[in-house]
Q: 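Here it is, the structure, as structure tokens.
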Amino acid sequence: MHPDPAITTLCAARISVGLPIPSDLRVHSVYESAVNGLTPDGRLVTVATDRVGGLPDGIVLAGDPDLSAIGIRPGMDAHLGRALRIQSAGVVVRLDGAAAWSPRVPALDAARWPSRTARCADLLRQHRVAGGLESLAAAGSALDALAGAITRGDGSAALRAARGLIGLGPGLTPSGDDALAGVEAALHAVGHPVAGFLQAATADLDARTTTVSAAMLRHAARGDAAERVHVLLRALLSGPDAGLPDAIGAAVRWGATSGSDLLAGVVLSLDAATWPASARVAA
């Protein structure tokens with residue numbers, strides 16, 4: 001039996017643990033490297049190319065097809081079951097044979113961070129990009145308050161500071177949200193007691209930021225993050241010193257400012273979480 005030439009068949013390489021199967025979806029947004037769909041209860045499911053990598057509630061495709069060029073449009077209905085089918089676009093994503101991937105942030109040791117913080121701060125300055133957190137006047141005081149709350153282990157104060165960052169800035173994932181995702185990822189990675197402080201802010205996220213960003217923050221509060229964030233954290237905390245420039249350079253290239261803003265959140269979080277040890281090293 002020959003395949004139907006009117007059907008575009010793609011193959012999944014990896015599927016996120018916890019993906020809501022089965023589920024009906026409505027296509028939310030379409031990009032060259034990703035297609036987002038919403039379940040009836042508001043969960044965001046993303047089909048992404050291998051260039052993007054693993055995402056919470058995500059399906060990673062084998063290869064790097066242009067997803068904006070195969071007929072998928074916002075508003076189309078889809079069904080996620082044994083395969084993902086978008087009938088009106090004639091697209092089928094096969095899931096059989098795909099490997100399971102966990103979005104849970106890896107547990108890492110922060111012992112090496114105090115000796116790396118100055119080097120990473122210097123690399124961040126070298127890779128500075130226009131816009132983002134540094135261009136937002138309201139961000140500075142909120143970030144300072146957030147760092148102080150993490151250092152004190154005060155989750156309630158961290159939440160109050162975070163509310164000044166949610167939805168702050170333009171774009172699909174505003175700068176303040178990217179920074180908060182980085183903060184939570186780092187706190188979960190090192191097992192800090194303030195990790196998960198954003199859980200108390202998730203109820204009204206849809207009214208405060210974009211749909212994609214709200215999903216990112218809900219995952220971040222639970223300790224889940226994109227695969228490339230896992231790679232970044234491993235490089236910063238347990239990789240070789242020689243790998244730091246490449247790791248930071250790669251992170252900064254995620255989107256226009258998303259990577260640099262998330263990285264700023266990671267560094268702020270690690271500095272605050274290890275502040276007493278950092279102070280002793282500096283002395």
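Computed from heavy atoms alone, side chains included, the values below leave out hydrogens, waters and symmetry copies.
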Q: Nearest heavy-atom pair of P65 and A62: which atoms, and what distance?
A: CD-O, 4.2 Å
Q: Just so I know, are the side chains of T211 and M216 near enough to count as touching, which here means a heavy-atom distance under 4.5 Å?
A: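 Side chain of T211 against side chain of M216, heavy atoms only: no contact under 4.5 Å found.
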Q: Pairing donors with acceptors under 3.5 angstrom, does anything connect the side chains of T257 and D261?
A: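 Yes, because at least one side-chain N or O of T257 sits under 3.5 Å from a partner of the opposite role on D261.
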Q: Under 3.5 Å, is there a donor-acceptor pair between the side chain of E184 and the main chain of L217?
A: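 Such a contact is absent between E184 side chain and L217 backbone.
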Q: Measuring from R228:CZ to L262:CG, what's the distance to the nearest 0.5 Å?
A: 8.5 Å
Q: Can you name the nearest heavy-atom pair linking S258 to T173, along with the distance?
A: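 Closest approach of S258 to T173, heavy atoms only: OG-OG1, 3.1 Å.
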Q: Are any non-hydrogen side-chain atoms of V60 and V52 less than 4.5 angstrom apart?
A: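 No; the side chains remain at least 4.5 Å from each other.
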Q: Give me the atom names and distance for the closest heavy-atom approach of A179 to L133.
A: CB-CD1, 3.6 Å
Q: Verify side-chain contact (heavy atoms from CB on, under 4.5 Å) between L168 and S175, making sure each step is shown before the conclusion.
A: CA-CA 6 Å; L168 185 64; S175 291; over 6 Å; no
Q: Give a yes or no on whether the backbone of G259 and the side-chain of R253 come within a donor-acceptor separation of less than 3.5 Å.
A: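 No, R253 side chain to G259 backbone: no donor-acceptor pair under 3.5 Å.
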Q: Let's go through R43 and L38 carefully: what are the C-alpha distance in whole Å and the side-chain angles of both, what is the deciding distance for side-chain contact (heavy atoms from CB on, under 4.5 Å) to 0.1 Å, and is it a yes or a no?
A: CA-CA 6 Å; R43 285 178 67 173; L38 284 172; over 6 Å; no
Q: Take atom CZ of R208 as the centre, draw a 6.0 Å sphere, and report whether it contains more than 12 heavy atoms from other residues, nucleotides or ligands.
A: yes
Q: Would a single hydrophobic cluster contain both V229 and L268, if residues Ile, Leu, Val, Met, Phe, Trp and Tyr are joined by side-chain heavy-atom contacts under 4.5 Å?
A: no
Q: Tell me whether T209 contacts the main-chain N or O of L205 through its side chain, where contact means a donor paired with an acceptor under 3.5 Å.
A: no
Q: Could you grab the distance from atom NE2 of H188 to atom CG of D224, nearest 0.5 Å is fine?
A: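 These two atoms lie 8.5 Å from each other.
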Q: Go through it in stages, so that I can follow the logic: the residues are T8 and V92, the test is side-chain contact (heavy atoms from CB on, under 4.5 Å), and I'd like the CA-CA distance, side-chain angles, deciding distance and then a yes or no.
A: CA-CA 6 Å; T8 299; V92 175; over 6 Å; no
Q: Any non-hydrogen side-chain atom of T117 less than 4.5 Å from a side-chain atom of L270?
A: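 Result no, sub-4.5 Å side-chain heavy-atom pair not found.
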Q: Who else is in the cluster with V35 when I, L, V, M, F, W and Y are joined by side-chain contacts under 4.5 Å?
A: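 ILVMFWY cluster around V35 also holds L10, I15, L19, I21, L25, V27, V30, V45, V47, I59, L61, L67, I70, I72, M76, L80, L84, I86, V91, V93, L95.
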Q: Locate the shortest heavy-atom distance separating L136 from G169; write the atom from each residue and the value.
A: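 Closest approach of L136 to G169: CD1-CA, 4.0 Å.
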Q: In Å, rounded to the nearest 0.5 Å, how long is the span from CG of L165 to OG of S141?
A: 8.5 Å
Q: In Å, rounded to the nearest 0.5 Å, how long is the span from CD of E134 to OG of S260?
A: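 E134 atom CD to S260 atom OG measures 8.0 Å (nearest 0.5 Å).
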Q: With a 4.5 Å heavy-atom cut-off, do W275 and I150 have their side chains touching?
A: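 No, side chains not in contact.
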Q: Tell me whether S102 contacts the main-chain N or O of R104 through its side chain, where contact means a donor paired with an acceptor under 3.5 Å.
A: yes
Q: Only counting residues at least two apart or in another chain, list the ones meeting side chain to side chain donor-acceptor pair (under 3.5 Å) with R222.
A: H219
Q: Please report the closest heavy-atom contact between L55 and A48, naming both atoms and the distance.
A: CD1-CB, 4.1 Å
Q: Side chains of T49 and D64: donor-acceptor distance under 3.5 Å anywhere?
A: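 On atom types as modelled, these side chains qualify, holding a pair under 3.5 Å.
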Q: Between D206 and R218, is the closest basic N to carboxylate O distance under 4.0 Å?
A: yes
Q: Can a salt bridge be assigned to the pair R119 and D241 using a cut-off of 4.0 Å between side-chain N and carboxylate O?
A: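 Salt bridge: no.
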Q: Taking atom CG of L44 and atom OG1 of T39, what is their separation to the nearest 0.5 Å?
A: 8.5 Å
Q: Determine whether the side chains of W254 and D178 contain a donor N or O and an acceptor N or O closer than 3.5 Å.
A: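 There is no such pair (donor and acceptor under 3.5 Å, judged by atom type) between the side chains of W254 and D178.
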Q: Flag the pair R82 and D96 as a salt bridge only when some basic side-chain nitrogen lies within less than 4.0 angstrom of an acidic carboxylate oxygen.
A: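 Looking at R82 and D96, the cut-off is not met.
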Q: Measure the CD1-OG distance between I166 and S213 for me, rounded to the nearest 0.5 Å.
A: 9.0 Å
Q: Can you get from L124 to V129 by hopping between Ile, Leu, Val, Met, Phe, Trp and Tyr side chains that sit under 4.5 Å apart?
A: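 In one cluster: yes.
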Q: Is there a chain of hydrophobic side chains (I, L, V, M, F, W, Y, each step under 4.5 Å between heavy atoms) that links L263 to V105?
A: yes
Q: Assess the residue pair L237 and V190 against the criterion (side-chain contact (heavy atoms from CB on, under 4.5 Å)); give the C-alpha distance rounded to whole Å, side-chain angles, the decisive distance to 0.1 Å, and a yes or no.
A: CA-CA 9 Å; L237 293 173; V190 302; 4.0 Å; yes
Q: Is there a path of hydrophobic side-chain contacts, each under 4.5 Å between heavy atoms of I, L, V, M, F, W or Y residues, that connects I248 with V266?
A: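 Linked, I248 and V266 end up in one cluster.
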Q: For residues L244 and V267: do they belong to one hydrophobic cluster (side chain heavy atoms under 4.5 Å, members Ile, Leu, Val, Met, Phe, Trp, Tyr)?
A: yes
Q: Tell me whether R234 contacts the main-chain N or O of P106 through its side chain, where contact means a donor paired with an acceptor under 3.5 Å.
A: no
Q: Would a distance-only check, ignoring hydrogens and angles, find a side-chain to backbone donor-acceptor pair under 3.5 Å from D154 to A157?
A: yes
Q: Is there a side-chain hydrogen bond (donor to acceptor under 3.5 Å, both in side chains) between S16 and D57? Walk through the geometry before answering.
A: CA-CA 5 Å; S16 173; D57 282 346; 5.0 Å; no
Q: Would you confirm whether H230, through its side chain, and P103, through its main-chain N or O, come within 3.5 Å as a donor-acceptor pair?
A: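 Indeed, once roles are kept as given, a pair shorter than 3.5 Å links the two residues.
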Q: Does CD in Q126 sit with more than 12 non-hydrogen atoms of other residues, nucleotides or ligands closer than 6.0 Å?
A: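 Buried by this count: over 12 neighbours within 6.0 Å.
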Q: So, for A220 and A181, which heavy atoms are closest and what is the spacing to 0.1 Å?
A: CB-CA, 4.1 Å
